[in-house]
Participant: 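What follows is a single structure, and I will ask about it in a moment.
Hydrogens, waters and symmetry mates play no part in the numbers below; they use all other heavy atoms, side chains included. Quick note on labels: first sequence line is chain A, next is B, and so on, each numbered from 1.
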Number of protein chains: 2
Amino acid sequence: VVAAAERLRGHIRRTPALCSGELASGAELWLKAENLQYIGAFKARGAMHAALRLSPEERDRGFITYSSGNHAQAVAFAARRFGVSAHIAMPVDAPRVKVDVVRSLGAHIEFAGTTSPERHQAALRIQEQSGGVIIEPFDDPDIIAGQGTATLELIDQVAEQTGGGTLDALVVPVGGGGLIAGACLATMGTPTRICSAEPVGCDALAQSLARGERVPVEPGPTIADGLKPTMIGALNFAIARERVSESFTVSDDQIAGALVALLVRAKLLVEPSGAAALAVALGRALPGQRIGVILSGGNIAPERLAELVGRHAPASG
Amino acid sequence: VVAAAERLRGHIRRTPALCSGELASGAELWLKAENLQYIGAFKARGAMHAALRLSPEERDRGFITYSSGNHAQAVAFAARRFGVSAHIAMPVDAPRVKVDVVRSLGAHIEFAGTTSPERHQAALRIQEQSGGVIIEPFDDPDIIAGQGTATLELIDQVAEQTGGGTLDALVVPVGGGGLIAGACLATMGTPTRICSAEPVGCDALAQSLARGERVPVEPGPTIADGLKPTMIGALNFAIARERVSESFTVSDDQIAGALVALLVRAKLLVEPSGAAALAVALGRALPGQRIGVILSGGNIAPERLAELVGRHAPASG
C-alpha cells in the first residue's frame, strides 16, 4: 500500500479528511471524502494503480474491464490519462447517467446481459479480439493496494491534525471487498479496529466471516447499487478475515438518512453506497471514540437525489 | 489579514481548495470550499476573529449582533466557543431553519421587523440593557481581516499544489462586502484580478463602483438570500474601489444552474449565495486561466434544495 501511494502521487487526489462536529454526538467522526476523488469515487485509485503497474507496451494494448458502476469510470479515466483505449462491458440495464459518463471519458461500451458473469465473459471475448489488458474490479493485489491508499492518507491526516492521534475504529463499505482489504493492509500494526458496512440482504462479507469461508449471496434490493456483489473476492476475503473486527448491516432507510444528514449538515454529496459506512457510525453510540468513515463515492442520479432529499430531509420552514 | 490568520489558528477550519476538472472547460478552477467551514460558511472567520480581538472582560459581557443569516450563526458559534452569551436580532420572517440553528447554538433570538435598520436598532437596545459587545456583520476592520483569511489560505493552497503558481483571477460573491474587502487585502501585491459576483438587481457594489461612491439599492428578488444588502459597507467600499477589476451580475437561473452543477459533478453543496461566484466563472470563456472561486457557504433549506435539483438537474435515465 505504501508503494502504491508512492506510485499514485500526482495521479490521484489527496482527498480531504474532515473532522465532523456537525454529525456526531459524542464521537469524533473523521470523514474521508473520496466522493471528491477523480471520477467521484475511490475506484480511481485502484484502477490507476493497476494501470501504473503495467509496462508501457502492455498499456498501449488498451484496457478492458467489466463493471456496472464506478470501476467502469475509473478504468475509462485511467485509459484517458495514458492516451490508450478502454473497452468496458456494462449491463444492458446500466443507469444512463453512468453510461454517459463512461462514454464521455472516451471509452467503448459493450452491453452484455445483466449479471456479473455475463459481463466477465464479454470482457474475455474483447480481450481475445483486442489483446488488451483486463483491469479487475476488486480481486487483485494491485487493485487492493491502490484502494488501500485512501486509508493510508486518512491515517496520516488524522495524525497531522490531532498531533499524532490514531483512529479507534474505521468503518468501510463493502461490495467486492477491494476497499476494505486495502484498509486492512493499511492499518496493519495499528490499534484501529476495522468494521464493515453492508446493506441488509447484501452481506456477503458478514456471512462469509460467520461461516469461515466465502459464501455466495443473491443480493437483495438496495439503494446502495455499488454494494451488491454476488461474492466477496478471494484475496479480499483472505485479507479481511484476519483483520475485520465487526460486521454491520444497514437498511435503505438508514443509508438514506445518513446521505441526507451528510448533505444538509456537512455539505457533502455521496451516493447511497458512499453513505453506508456513515449510516453504521451514526446508528451506534460511540461516545469519546475517534471513528474514521470512508465516504466511498458520490455518483448519484439527480432524480434519485431530489427524491431522497424530499423524503428524508428534516422539516423546516 | 496575516495577523488574523495567526490569531484564528485552531479556531477555524483550513477548508479544502479543490482544483476542479469536472466543471471547467479550458479554465482551471480553484474552489475554496467555505461551505465546509464551521457553521457552513466563511462568516465563522470574521466573527471568531472579532471575538478574539476583544479582551476577556469584554468577551464576558456577551456578544450581540443583527443578521438574517450566516453571520447570526457565526456569532452564536463564537459565543459558544468562549462560553459567553449571544443575543441576535433576526427578522420576523427569517427562515425557520436558520432560526433553529442559531437557537441550537445556544443564542437568544430577538425578532425585530424585516429590515436591516430595524434589526440594528434592536441590537442597540439589547446593548443598552445588557452591556454586551456588538459584533458587526461586515463594516468593520476585524471582520474584514477575518474574512480575508479565506483568500489567504487559498493563495497558499494554490501555491502548494501548483509549485508556486498564482491565480489569474479570483471571483468573490458580494453582500455587504466583508469577503471581497478581505480578498482585496489578502491579494495586495499579487497579479490576481479581483472580480465581484452579485445577483441581478442586487448589485450594490457594481453600482457604487460605477458611480464612484456608495449607492443605496432596493434589492430585487433573488434566491441568493445572503447577497441582498441595501448598501455596501463604507470601509468595504473604500478597500474594494482600489482593487476590484471587474463587476459581474448573475441571474437566479445561472446561480441555480451553478449550484446543481457543483453538486452533481463536484459533490459539494452550496447555498444560492455560495454559487454566485461559480456562476460568474462558468458563464465566461476563460481558456487557459487559473481562476479562484470562493464557495462562500452551504446553508440551504432541504425543500429549496430538492426543488432546485428537480428543476435544474441534467436529465438522466
Side-chain angles (χ1 to χ4, degrees), chain A residues 10 13-22 31 33-41 77 80 93-101 104 160-161 260-271 274 295 297-317, chain B residues 10 13-22 31 33-41 77 80 93-101 104 160-161 260-271 274 295 297-317:
Chain A
R13 281 193 181 133
R14 182 179 162 101
T15 55
L18 300 160
C19 181
S20 174
E22 291 88 351
L31 308 172
E34 283 294 294
N35 57 330
L36 305 182
Q37 186 53 265
Y38 292 125
I39 67 113
F77 168 78
R80 197 178 61 168
D93 58 355
R96 208 184 86 192
V97 60
K98 295 197 171 176
V99 173
D100 287 348
V101 172
S104 76
E160 283 163 18
Q161 294 176 47
V260 173
L262 184 74
L263 184 62
V264 171
R265 292 195 240 149
K267 322 303 176 190
L268 291 171
L269 176 63
V270 292
E271 62 191 273
L295 306 175
N299 296 319
I300 180 171
E303 304 85 357
R304 168 54 64 91
L305 172 61
E307 178 213 326
L308 291 178
V309 172
R311 194 141 46 90
H312 289 267
S316 65
Chain B
R13 282 194 179 131
R14 182 179 162 101
T15 56
L18 300 160
C19 180
S20 174
E22 291 89 350
L31 307 173
E34 284 294 294
N35 56 329
L36 306 182
Q37 186 53 265
Y38 292 125
I39 66 110
F77 168 79
R80 197 177 63 168
D93 59 353
R96 208 185 87 193
V97 62
K98 295 198 171 177
V99 173
D100 287 348
V101 171
S104 76
E160 282 163 18
Q161 294 177 47
V260 174
L262 184 74
L263 184 63
V264 171
R265 293 194 238 150
K267 321 303 176 191
L268 291 171
L269 176 62
V270 292
E271 61 191 275
L295 305 175
N299 295 321
I300 179 171
E303 304 85 357
R304 168 55 63 91
L305 172 62
E307 177 213 328
L308 290 180
V309 172
R311 194 142 44 90
H312 288 269
S316 65

Participant: With a 4.5 angstrom heavy-atom cut-off, which part of A:Leu263 approaches chain B: side chain, backbone, both or neither?
Facilitator: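 Backbone plus side chain of A:Leu263, per the 4.5 Å heavy-atom cut-off to chain B.
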Participant: Between chain A and each of B:Ile300, B:Asn299, B:Val270, B:Val101, count heavy-atom pairs under 4.5 Å; write down the option with the most.
Facilitator: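 The option with the most such pairs is B:Asn299.
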Participant: Give me the atom names and distance for the closest heavy-atom approach of B:Gly310 to A:Ala306.
Facilitator: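 Minimum heavy-atom contact is N-CB, 4.0 Å.
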Participant: Can you tell which part of A:Arg265 gets under 4.5 Å to a heavy atom of chain B, answering side chain, backbone, both or neither?
Facilitator: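 No part of A:Arg265 comes within 4.5 Å of chain B.
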Participant: Which heavy atom of A:Leu36 sits nearest to which heavy atom of B:Lys267, and what is that distance?
Facilitator: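 In this case the closest contact between A:Leu36 and B:Lys267 is CD2-CB, 4.0 Å.
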Participant: Which bit of B:Arg13 is near chain A, if near means a heavy-atom gap under 4.5 Å: side chain, backbone, both or neither?
Facilitator: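 The side chain, not the backbone.
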Participant: Any side-chain heavy atom of B:Leu269 sitting closer than 4.5 Å to one from A:Leu268?
Facilitator: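 No, too far: nothing below the 4.5 Å cut-off.
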Participant: Taking C-beta and beyond as the side chain, do A:Leu305 and B:Leu305 meet within less than 4.5 Å on heavy atoms?
Facilitator: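 Not touching, per the 4.5 Å side-chain cut-off.
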Participant: Identify the two heavy atoms, one from A:Val264 and one from B:Pro302, that lie closest to each other, and give their separation to 0.1 Å.
Facilitator: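 Shortest heavy-atom contact: CG2-CG, 4.1 Å.
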Participant: Counting heavy-atom pairs closer than 4.5 Å to chain A, which one of B:Leu18, B:Thr15, B:Asn35, B:Val99 comes out on top?
Facilitator: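 With the most close heavy-atom pairs to chain A, the winner is B:Asn35.
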